[in-house]
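A short write-up of the structure that comes next.
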Amino acid sequence: MRKLLLLASVILVGLIFVARLFYLQVYNSTAYNIFEDSAIKKEFTYPKRGYVYDRNGKLLVANQPSYDVMVIPRDVEPLDSTDFYEFCNLLKITKADYIKKFQKAKNYSPRLPSPFVQQLSKSDYAVLQEKMRKYTGFYIQKRSLRSYQTTIGANVLGDIGEVNKSIIAKQPYYRLGDLIGKQGIEKTYENTLRGTKGITFIQKDRFNKNIGPYKDGIYDTLPKPGKDITITIESKLQAYGELLMKNKRGGIVAIEPSSGEILAMVSGPSYNPNLLVGRDRSKNFNKLYRDSIAKPLFDRGLQAMYPPGSPFKTLNALVGLQEGVVTTKDRFSCALGYRYGNRKMGCHVHRSPADMNIGIYESCNAYFANVYRRIIDKYDSPAEGMDNWSKHVKSFGLGNYLNNDLSVGQPGKVPTAETYNRGYGKNRWYTTFTLSNAIGQGEVLATPIQLANMAAAIGNRGYYYTPHIIKTIEDETIPNKFTTPKYTTIDKRHFEPVVQGMHDVYNKGTAKRLKVPGIEICGKTGTAENFAIIDSVKTQLTDHSIFVAFAPKDNPKIAIAVFVENGYYGSRFAGRMASLMIEYYIKGEITRTDMENFVLRYSLEHEYEKPFSNEPFGINRKTILDPIDEKDFQQNIKIKAEINKS
Amino acid sequence: MLRENQRRFRLDWITIILFLLLIGFGYVNILSASHVGEITSYFDMSQPYGKQTVFIGLTFVLIVLILSFEAKFYERFASLIYLVAILALLGLFIFGKDVNGARSWYGIGSMTIQPSEFAKFATALAVAKYISDLQTNMQTLKDQIRVAAIIVLPALLILLQNDAGSTIVYLAFFFVFYREGLQQVYLIVALSVITLAVLALKFGIIAAGILTSVVLVARYFLKNKKRPNILQYIIVLIACIAFSYSVKLFYEHGLKPHQQNRISLWLRLEKDPAKLELMKKREAYNLIQSEQAISSGGWTGKGFLQGTRTTGKFVPEQHTDYIFSTVGEEWGFLGSAFVVLLFIVLIIRILYLAESQKSQFSRVYGYGVASIFFVHFTINTGMVMGLIPTVGIPLPFFSYGGSGLWGFTILLFIFIKLDSNKINEW
Ligand SMILES: [Zn+2]
């Protein structure tokens with residue numbers, strides 16, 4: 001027995017030690033990650049972020065250097081009180097700030113660097129850099145911030161901001177304090193613009209001294225600069241659009257039909273992109289974000305879904321022709337509307353009976369109710385007819401995401417049989433239940449960019465290119481989904497009468513006062529009823545003003561959709577703005593200064609205040625035109641002159 | 001010629017192979033832990049690994065020398081060797097050189113020699129010699145005191161030279177004495193002392209008292225055939241409580257602050273976060289760095305010369321006492337478990353050989369060798385992986401240093417020589 005004491009002890013110790021090693025090295029050890037190894041210092045070199053140019057090569061976005069003080073909490077050594085005081089002074093923070101920031105960094109990770117004080121001013125940086133050696137555990141990280149060369153296009157250009165922890169968790173490329181595209185093209189072209197940061201791994205000793213490159217630098221990488229991009233925006237047109245949208249809310253999207261390139265993408269109200277640069281970014285962002293009334297961050301050109309109204313009638317004409325249920329000569333009478341059962345869809349006074357041409361330029365509801373019924377009732381069941389109609393409509397890019405390179409978007413809505421089966425029960429509904437689709441009301445919803453794209457498809461006589469914002473990327477070709485035409489389900493030969501109808505809208509229809517000398521514009525006015533909940537009562541507000549157009553009539557250079565919140569009838573604001581944009585783009589100057597003065601002079605702010613006034617208010621017919629101060633008007637004229645010069 | 005061959009054949013090659021593996025792998029790790037920049041020459045005498053190359057070379061000369069003596073020589077001259085070792089230790093008080101506050105080195109030119117490393121085998125020889133004497137009976141108090149004196153003398157001298165770590169090693173001889181007939185009560189007392197000391201420090205004197213009472217009451221009722229004197233039990237209880245109290249007193253007032261902190265860290269006694277923070281920068285610094293280096297090795301380690309914490313010299317004294325952390329970082333769990341296995345197999349092999357000795361001298365000596373290796377291995381490795389409070393002693397054959405390497409080599413090869421001679425003793 002005595003022999004066994006030592007033997008047993010040896011075996012016991014052996015087992016305990018192996019167990020301990022297992023615990024330390026396998027059980028309790030995370031996979032080796034060089035970024036968490038405090039023996040290896042990681043120095044990041046941030047590359048130049050790609051510049052952004054407009055379609056004419058005008059520089060829109062460049063960079064400016066920025067310096068962040070970073071901290072690795074575990075490496076920090078206590079400072080004596082004079083050094084501490086000096087450090088806080090240099091950083092312009094209080095002792096309490098210091099403790100709070102340090103604790104926050106430590107809570108995130110004692111081993112990994114966290115930003116401590118961000119975006120130092122150049123002079124602060126210069127002073128601090130001299131003394132940085134004293135503050136073990138802190139270092140200065142150079143980054144590049146954006147420098148906007150323009151005050152327009154905030155919704156297009158977007159901005160960059162600090163990554164959050166959920167992004168870091170998903171994409172290990174990013175580390176705390178890194179900047180990432182948050183909105184606009186900065187977001188969609190983040191990977192192209194950002195480049196790849198360079199890393200140098202440095203072996204440290206326990207006194208935090210560098211003792212040379214880690215493994216002779218085999219893991220080190222050089223920064224790869226971000227690529228410059230050219231976007232499709234015509235910045236003069238964009239600036240002009242933003243000026244026209246001043247004192248109004250709404251969206252303008254202009255597309256080049258022959259390529260799908262977005263020429264302008266306006267959302268009102270807008271803001272200066274420079275607000276979202278630098279130390280005040282989050283303060284300014286929150287201010288914009290919290291404005292739940294004007295919603296400046298809501299891109300109305302891309303995100304606002306409304307019933308498209310009359311411009312949608314052109315599609316019903318095309319579907320009718322394609323399905324062979326109507327010819328351009330078929331005439332339908334209109335007695336101030338269309339009666340079905342004991343209900344009536346109203347219309348206005350015009351020539352009756354109407355053929356297709358009259359139907360379009362007079363925007364006759366009765367005409368389109370008849371065409372629509374023929375389309376649906378061509379088939380045995382309304383469900384079949386509805387699905388067939390839906391397929392045609394969707395081929396114009398409606399009812400689904402456009403799948404493009406913009407950071408936000410909405411699918412809109414095109415009903416199918418399923419929509420009504422769900423509402424009324426399977427096969428328990430008739431064509432008449434869905435009749436408002438005939439005039440673009442009811443279940444149909446579209447965004448301005450979808451309507452602009454629809455106009456482009458009509459202008460192209462049957463195809464479109466997915467609207468996109470990228471024109472060229474340095475050393476890269478743009479995705480071929482943007483360069484391959486998408487054909488609608490309507491044969492080319494059916495377009496001409498519809499195009500002529502839209503042209504006659506300018507010749508003798510609702511837009512006859514909007515004619516631009518020398519340009520053959522095709523367009524269509526529209527309105528959308530809308531409501532607000534005021535003191536829990538659903539209250540109707542002044543209609544939204546909508547206009548869809550393309551020009552010239554043949555081989556169009558521009559297709560446009562304008563949508564002005566509470567602008568009343570289509571030609572009142574939206575029609576004028578669309579015509580002005582078209583003239584400005586095609587001619588480079590405005591001859592219809594009367595129209596321009598109208599848009600620049602009248603504000604809709606009074607309209608937007610109505611729901612919050614706590615007083616009864618009139619809408620549509622009872623609304624009045626509200627001019628801005630003469631001084632402000634002159635200011636607008638001055639801005640226009642500057643845009644012209646740029 | 002034939003005789004020569006037979007003699008060499010009787011050397012225990014298993015032990016020798018284990019020894020060579022340890023020396024070889026140890027050298028590899030010293031290279032990693034001590035190199036700065038490129039390794040230009042393995043004989044670069046300005047670098048620890050260069051010196052270690054020479055130390056290892058000389059070790060083989062030493063082995064040949066040890067094996068060339070007759071086995072009987074070691075038994076016959078055991079007392080003399082012991083005397084020389086004691087004189088060498090005494091001489092330190094006059095000629096010794098202070099290194100890191102310990103006066104345990106002789107300086108000869110640029111070389112230093114640490115006699116305490118050689119005192120171990122000398123003491124093992126003396127103990128073997130004394131116990132193997134026919135007149136010695138380990139059951140008697142007289143012999144117990146005398147044999148204790150043999151180990152206390154060098155241990156005390158080493159303690160006086162401020163090398164507490166090396167002193168603790170002499171506790172290894174307890175295993176030898178126990179094997180050779182020391183009464184069981186010593187073992188019980190030893191275990192009780194350790195248990196009570198830890199209990200008193202960690203949970204307080206009351207906890208120690210309660211546990212003692214529980215054990216005593218249990219024993220009282222289990223042994224109810226022959227009712228022992230209750231008074232005896234009460235005396236034992238009081239003694240235990242008094243002991244616990246004195247441990248606490250000694251901990252608080254008898255220890256130097258750094259020793260106190262090491263124990264405090266080990267038993268996690270410190271609760272004040274500010275003081276803990278400070279300890280992490282001082283006493284616990286080595287330990288934390290060492291554990292981090294080991295942990296970062298994972299399953300298979302970062303590879304030879306690839307340890308980032310080793311290359312960055314994050315673990316102070318890594319090539320000496322903390323060499324095992326290099327194994328942990330660069331060779332991972334597989335490498336470190338392999339080293340643990342090598343030591344365990346070596347010690348068990350020595351134990352097995354010791355038990356098979358015909359002469360009591362060889363057996364006791366072999367037991368001494370196994371015990372010393374066991375204590376060194378347990379304390380050093382246990383400390384490096386954070387299981388045992390910090391005690392500065394080397395890992396045999398692994399840690400950098402000539403004296404240690406030679407001391408352990410002599411210790412082992414005298415036994416290999418004795419073992420090779422066992423057939424001649426018929
Ligand atoms: Zn009509």
Side-chain angles (χ1 to χ4, degrees), chain A residues 1-42 73-78 106 110-111 136 201-216 218-219, chain B residues 36-37 172 174-176 178-182 184 187 277 281 285 289 291-302 306-316 328-329 332-334 336-337 340-341 343-345 347-348 351-352 354-355 367 370-371 373-374 377-378 381-382 385-387:
Chain A
M1 275 304 114
R2 290 177 169 274
K3 297 176 191 173
L4 293 183
L5 177 66
L6 183 54
L7 182 67
S9 307
V10 170
I11 291 169
L12 184 68
V13 162
L15 290 175
I16 291 172
F17 281 10
V18 170
R20 172 70 173 173
L21 286 170
F22 186 83
Y23 172 79
L24 283 177
Q25 300 184 297
V26 180
Y27 179 78
N28 204 25
S29 156
T30 46
Y32 178 70
N33 178 350
I34 192 165
F35 289 100
E36 301 213 344
D37 188 341
S38 59
I40 304 299
K41 186 171 156 192
K42 277 71 61 175
R74 193 166 65 177
D75 295 349
V76 172
E77 300 209 335
K106 202 173 168 184
R111 291 181 307 273
T136 318
F201 295 101
I202 295 163
Q203 175 77 53
K204 288 194 307 183
D205 68 7
R206 78 185 128 112
F207 307 108
N208 216 22
K209 215 177 71 190
N210 298 349
I211 57 173
Y214 168 66
K215 291 198 183 173
D216 298 325
I218 55 168
Y219 295 124
Chain B
V36 177
F174 178 82
F175 290 107
V176 182
Y178 184 72
R179 167 65 183 84
E180 297 303 326
L182 199 65
Q184 195 130 34
L187 180 64
E277 221 26 64
K281 295 224 149 84
Y285 181 81
Q289 292 299 339
E291 270 187 42
Q292 271 177 12
I294 294 174
S295 292
S296 72
W299 265 109
T300 53
K302 296 174 191 163
Q306 304 298 320
T308 55
R309 317 197 74 80
T310 297
T311 312
K313 307 277 177 287
F314 273 67
V315 188
E329 189 187 15
F333 174 72
L334 295 180
S336 354
V340 169
L341 197 70
F343 274 105
I344 299 300
V345 172
I347 294 164
I348 291 175
L351 270 181
Y352 167 79
E355 291 294 351
Y367 233 84
S371 304
F373 280 143
F374 174 61
F377 165 72
T378 306
T381 318
M385 57 178 102
L387 289 173

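Labels below follow one simple rule: chain letters A, B, ... track the order of the sequence lines, proteins then strands, and each chain is numbered from 1.
- Contact of B:Ile347 with chain A is made through the side chain alone, with heavy-atom distances under 4.5 Å.
- Interface residue B:Phe374: only side-chain heavy atoms are found under 4.5 Å from chain A.
- When side chains are defined from C-beta on, A:Phe17 does not count as touching A:Phe22, because their heavy atoms never get closer than 4.5 Å.
- Looking at B:Phe377, both its backbone and its side chain come within 4.5 Å of chain A, counting heavy atoms on both sides.
- Counting heavy atoms from C-beta outward, A:Ile16 and A:Val13 have side chains that stay 4.5 Å or more apart.
- Between chain A and the options B:Ala337, B:Gly181, B:Ala370, the largest number of non-hydrogen pairs under 4.5 Å is found for B:Gly181.
- Residue A:Leu21 is tested with B:Ile294, B:Leu334, B:Thr381 for a side chain to side chain contact (heavy atoms under 4.5 Å, CB included); the sole match is B:Ile294.
- Heavy atoms closer than 4.5 Å to chain A are found in the side chain of B:Leu187, but not in its backbone.
- Contacts between B:Gln184 and chain A at a heavy-atom distance below 4.5 Å involve the backbone alone (N, CA, C, O).
- For the pair B:Phe174/B:Leu182, a side-chain contact is recorded, criterion being any heavy-atom separation below 4.5 Å from C-beta on.
- The shortest distance between side-chain heavy atoms of A:Leu24 and B:Met385 falls below 4.5 Å.
- Both the backbone and the side chain of B:Ile344 come within less than 4.5 Å of a heavy atom of chain A.
- Proximity to chain B involves both the backbone and the side chain of A:Val18, based on heavy atoms less than 4.5 angstrom apart.
- Using modelled atom types, one side-chain atom of A:Gln25 and one backbone atom of B:Phe333 make a donor-acceptor pair closer than 3.5 Å.
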